[in-house]
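This report concerns only the one structure given below.
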Amino acid sequence: MSDEILKNYPELAQEGLPTMNQRLDISNAAVTQMATEASLSCVRSWGGALSSITHLVYVSSSEARFPGGDLHLARALGLSPDVRRVMLAFTGCSGGVAGLRVAKGLAESCPGARVLLATSETTIVGFRPPSPDRPYDLVGVALFGDGAGAAVIGTDPAPAERPLFELHSALQRFLPDTERTIEGRLTEEGIKFQLGRELPHIIEAHVEDFCQKLMKERQSGEDADGGGPEPMSYGDMFWAVHPGGPAILTKMEGRLGLGADKLRASRCALRDFGNASSNTIVYVLENMVEDTRRRRLLAADDGGEDCEWGLILAFGPGITFEGILARNLQATARASAQL
């Protein structure tokens with residue numbers, strides 16, 4: 001929300017007026033613009049060409065239109081008309097990891113595929129005028145933010161490609177009888193969004209079992225000698241966690257006994273950008289990559305560590321848990337260089 005928007009759409013600041021059309025006019029254009037900019041930046045970093053993109057996975061809970069934002073983004077980027085598109089809508093905060101899971105499946109099932117994942121969100125559809133009758137609205141205003149993110153996912157990297165993470169196993173789970181904890185409804189006044197105060201406690205109660213199941217995916221593998229890999233402990237892993245809010249991160253730290261530095265990338269993303277819904281996990285992963293690069297550049301021992309294996313986690317409406325067991329390939333390269 002900005003002064004310019006309120007000047008052009010003063011009705012948004014008035015209680016009870018039907019403004020859904022205005023909100024979608026603003027948001028539909030904004031999410032495509034942000035997703036386009038994020039995607040172009042990502043492709044430049046990757047070093048490949050837009051013509052090499054075979055699939056597009058687009059995630060947004062901030063728009064509603066036909067055709068969907070996946071087509072608008074493909075056109076804005078100039079992707080081939082034959083690009084295969086998937087759109088994940090209204091997946092909320094779990095959407096970024098859900099997008100990685102879907103992109104992973106597409107890449108593994110189509111040899112040579114290069115999947116562009118793009119996420120884009122804005123809070124305009126849920127904005128409500130300040131009211132003394134709804135003081136809790138201020139929490140959402142302070143917590144949530146706008147933005148976009150992007151990543152390229154594929155298998156069998158070419159020599160010129162520099163993969164950052166290997167996505168090993170993915171898991172999705174919904175918790176029965178929790179669908180009212182994170183709830184949003186489209187109305188004439190925008191999205192009416194309710195976030196239950198019990199959410200951090202529910203995540204705390206279920207997160208360890210979910211993580212254990214993901215971790216067992218690696219334990220079930222075998223190494224070249226026919227034996228299983230060494231069991232992982234929480235302290236031996238990296239944690240790329242969607243920062244739904246400070247309380248969720250604090251509850252996770254306590255439940256899993258994580259050191260204060262384990263969720264640093266998540267806390268930094270929350271501090272810098274707020275909870276930007278599906279985008280935020282991209283910011284968390286980028287923070288991890290930049291931390292590793294900075295330590296290499298400075299050759300500094302700042303107490304940080306680059307764990308090879310870890311979990312990418314997010315929690316969204318449902319309540320839905322999304323998780324991916326992953327390897328940080330930068331950590332593997334660093335360890336090899338030290339030997």
Side-chain angles (χ1 to χ4, degrees), residues 20 23-24 27 31 58-64 87-102 119-128 134-147 149 170-187 189-211 240-253 255 263 266-267 269-270 273-284 311-324:
M20 195 62 192
R23 294 166 188 268
L24 289 177
S27 187
V31 291
Y58 175 63
V59 183
S60 182
S61 299
S62 305
E63 64 168 88
M87 180 168 178
L88 301 180
F90 297 107
T91 50
C93 293
S94 60
V97 181
L100 286 172
R101 172 175 54 80
V102 171
T119 64
S120 192
E121 308 283 4
T122 175
T123 55
I124 187 71
V125 291
F127 172 78
R128 301 178 77 181
R134 298 190 309 272
Y136 192 64
D137 284 358
L138 296 176
V139 176
V141 173
L143 179 62
F144 290 97
D146 305 337
L171 185 64
Q172 182 191 59
R173 174 185 295 172
F174 74 89
L175 305 180
D177 303 319
T178 62
E179 59 271 14
R180 300 294 296 274
T181 304
I182 306 174
E183 186 179 29
R185 292 181 295 109
L186 284 172
T187 74
E189 300 173 54
I191 289 182
K192 297 290 182 69
F193 185 70
Q194 298 291 331
L195 186 64
R197 299 187 186 190
E198 69 275 18
L199 177 60
H201 303 282
I202 294 174
I203 291 175
E204 178 188 24
H206 294 88
V207 68
E208 186 165 18
D209 181 66
F210 184 75
C211 292
V241 180
H242 169 81
I248 291 175
L249 298 179
T250 299
K251 290 291 186 183
M252 277 197 62
E253 285 176 335
R255 181 74 178 193
L263 298 183
S266 297
R267 291 191 184 279
L270 186 63
F273 305 109
N275 178 349
S277 195
S278 64
N279 311 306
T280 321
I281 197 63
V282 180
Y283 308 156
V284 174
L311 298 182
I312 304 172
L313 302 172
F315 320 101
I319 295 171
T320 299
F321 281 32
E322 290 276 0
I324 297 176

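Treat the numbers as computed from the prediction; the structure is a model and nothing was measured. Any value given below was found using the heavy atoms of this structure, including those in side chains, with hydrogens, waters and symmetry copies removed.
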Checklist outcome for this item: Minimal heavy-atom distance between Leu249 and Pro243, with the atoms involved, is CD1-CB, 3.8 Å

Next on the checklist: Between Ser266 and His242, is the side chain to side chain contact (heavy atoms under 4.5 Å, CB included) condition met? List the steps.
Outcome noted: CA-CA 6 Å; Ser266 297; His242 169 81; over 6 Å; no

Checklist entry - Considering all heavy atoms of both residues, which atom of Ser27 and which atom of Thr122 are nearest to each other, and what is their separation? => result OG-CG2, 2.8 Å

Checklist entry - Got a second to check how far Ile202's CD1 is from Ile248's CD1, nearest 0.5 Å? => result 10.0 Å

Next on the checklist: With heavy-atom distances below 4.5 Å as the criterion, would you say the side chains of Tyr283 and Leu270 are in contact?
Outcome noted: no

Item to check | Steps toward side chain to side chain contact (heavy atoms under 4.5 Å, CB included) verdict (Ile203, Lys251) | outcome: CA-CA 8 Å; Ile203 291 175; Lys251 290 291 186 183; over 6 Å; no

Checklist entry - Which heavy atom of Glu322 sits nearest a heavy atom of Ala98, and at what distance? => result OE2-CB, 3.4 Å

Item to check | Side chains of Phe315 and Ile182 in contact at under 4.5 Å (non-hydrogen atoms) | outcome: no

Next on the checklist: Can you confirm whether Phe174 sits close enough to Glu179 that some side-chain heavy atom of one is under 4.5 Å from a side-chain heavy atom of the other?
Outcome noted: no

Item to check | Asn279 to Gly149 - nearest heavy-atom pair and separation | outcome: OD1-N, 3.6 Å

Checklist outcome for this item: Phe210 and Leu313 have their tightest heavy-atom pair at CE2-CD2, 3.9 Å

Item to check | Arg185 vs Gln194 side-chain heavy atoms within contact, under 4.5 Å | outcome: no

Item to check | Atom of Ala170, atom of Arg101 and distance for their closest heavy-atom approach | outcome: CB-CG, 3.7 Å

Checklist entry - Where the side chain of Asn275 meets the backbone of Gly245, is there a donor-acceptor pair that is under 3.5 Å apart? => result no

Next on the checklist: Using only atom types and a distance under 3.5 Å, with no angle test, would you say the side chain of Ser60 pairs donor to acceptor with the backbone of Ser120?
Outcome noted: yes

Next on the checklist: To the closest 0.5 Å, what do you measure between NE2 (His206) and NE2 (His201)?
Outcome noted: 13.5 Å

Next on the checklist: Test side chain to side chain contact (heavy atoms under 4.5 Å, CB included) on Arg23 and Phe127; report intermediate values, then the result.
Outcome noted: CA-CA 9 Å; Arg23 294 166 188 268; Phe127 172 78; 3.8 Å; yes

Item to check | Side-chain touch Leu143/Pro246, heavy atoms, less than 4.5 angstrom | outcome: yes

Checklist entry - What distance separates Phe321 CZ from Cys211 SG, expressed to the nearest 0.5 Å? => result 8.5 Å

Item to check | Pairwise side-chain contact, Val31 with Tyr58, heavy-atom cut-off 4.5 Å (strictly under) | outcome: yes

Next on the checklist: Between Thr178 (side chain only) and Gly318 (backbone N and O only), is there a donor and an acceptor less than 3.5 Å apart?
Outcome noted: yes

Next on the checklist: I'd like to know if Glu204 and Arg255 make a salt bridge, using a cut-off of under 4.0 Å between side-chain N and carboxylate O.
Outcome noted: no

Checklist entry - Is there a side chain to side chain contact (heavy atoms under 4.5 Å, CB included) between Cys93 and Thr280 once you walk through the steps? => result CA-CA 8 Å; Cys93 293; Thr280 321; over 6 Å; no

Checklist outcome for this item: Taken to the nearest 0.5 Å, the spacing of Ser278 OG from Phe90 CZ works out to 12.0 Å

Item to check | Spatial distance of atom CD (Glu253) from atom CG (Leu263) [nearest 0.5 Å] | outcome: 4.5 Å

Next on the checklist: Could you check whether any side-chain N or O of Ser61 sits under 3.5 Å from a backbone N or O of Gly92, counting only pairs where one atom can act as donor and the other as acceptor?
Outcome noted: yes

Checklist entry - Can you tell me how far CD1 of Ile324 sits from CD1 of Ile281, rounded to the nearest 0.5 angstrom? => result 8.5 Å

Checklist entry - Heavy-atom distance under 4.5 Å between the side chains of Gln172 and Thr320, does that happen here? => result yes

Checklist entry - So do the side chains of Arg173 and Asp209 get within less than 4.5 Å of each other, counting heavy atoms only? => result yes

